[in-house]
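Worksheet: the structure to be examined is printed underneath.
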Amino acid sequence: MENLREFLLQARTIAVLGAHPNPAKAAFYVPDYLARKGYTVLPVNPAYTGQTLWGQTVVGQLTDLEQPIDIVDVFRRSEALMGHLDDILAARPRLVWLQSGIVNEAFAETLRQAGIQVVQDRCLMVVHRQLLG
């Protein structure tokens with residue numbers, strides 16, 4: 001994405017697919033960083049439904065969220081992505097961000113064809129620090 005810096009400046013809401021309550025896991029400390037930077041972070045993980053992370057109640061799936069989403073930050077294995085495709089398409093985020101080590105070209109191409117931008121195999125926290133400090 002050539003306009004990534006501007007996009008991150010304008011984005012306000014990030015849904016975290018695979019959010020985790022363990023502070024030692026990237027699925028906790030990356031969204032925690034983003035919450036501290038002022039984003040509304042919406043945790044999604046059926047294993048922790050009803051718990052609270054970053055001041056928000058954890059929901060079981062993206063379609064349980066009731067507000068528009070700018071970014072879906074994904075902490076799921078590459079082979080599990082297609083199982084989330086329908087929910088992501090229904091949620092209509094502007095960008096889907098696949099964290100470091102997560103790549104699925106068929107998944108990404110389907111999202112792009114639906115008009116959703118995709119970043120693969122990059123850490124959102126690292127890129128945010130590089131672009132916005």
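In what follows, residues are counted from 1 in the order of the sequence shown.
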So, do Leu34 and Ile71 sit near enough that their side-chain heavy atoms are less than 4.5 Å apart? no
In short, salt bridge (charged side-chain N to carboxylate O under 4.0 Å, His left out) pairs touching residues 28-57 with sequence neighbours left out are Asp32-Arg36
Which residue pairs satisfy the ring-ring contact (aromatic ring centres under 6.0 Å, His included) criterion with at least one member in residues 58-87, sequence neighbours excluded? none
Salt bridge (charged side-chain N to carboxylate O under 4.0 Å, His left out): pairs with one or both residues in residues 40-65, sequence neighbours excluded: none
Is there a side-chain contact between Val59 and Leu65 in this structure, where contact means two heavy atoms from C-beta onward sitting under 4.5 Å apart? yes
Taking everything shown except Asp86 itself, do over 12 heavy atoms lie less than 6.0 Å from its CG? no
Can you run down the salt bridge (charged side-chain N to carboxylate O under 4.0 Å, His left out) pairs that involve residues 69-82, sequence neighbours left out, and say none if there aren't any? Asp70-Arg94
Heavy-atom donor-acceptor pair, Gln120 side chain to Asn104 backbone, under 3.5 Å: yes
Please list all pairs meeting ring-ring contact (aromatic ring centres under 6.0 Å, His included) that have one or both residues in residues 91-132, counting only residues at least two apart or in different chains. Tyr33-His128, Tyr39-His128
Using the test side chain to side chain donor-acceptor pair (under 3.5 Å), find all partners of Ser100 that sit at least two apart in sequence or belong to another chain. none
Listed partners of Gln113 passing side chain to side chain donor-acceptor pair (under 3.5 Å), at least two apart: Glu109
Partners meeting side chain to side chain donor-acceptor pair (under 3.5 Å) with Gln56 (sequence neighbours left out): none
Qualifying ring-ring contact (aromatic ring centres under 6.0 Å, His included) pairs with a residue from residues 43-68, counting only residues at least two apart or across chains: His20-Tyr48, Phe28-Trp54
Let me check something: do Val103 and Leu124 share a hydrophobic cluster, defined by ILVMFWY side-chain heavy atoms less than 4.5 Å apart, either directly or through other members? no
For Gln67, which residues count as a side chain to side chain donor-acceptor pair (under 3.5 Å) partner, sequence neighbours excluded? none
Just so I know, are the side chains of Gln99 and Val74 near enough to count as touching, which here means a heavy-atom distance under 4.5 Å? no
Tell me, which pairs form a salt bridge (charged side-chain N to carboxylate O under 4.0 Å, His left out) where one or both residues lie in residues 13-24, sequence neighbours left out? none
By side-chain contact (heavy atoms from CB on, under 4.5 Å), Gln130 pairs with (sequence neighbours left out) Arg122, Val126, Val127
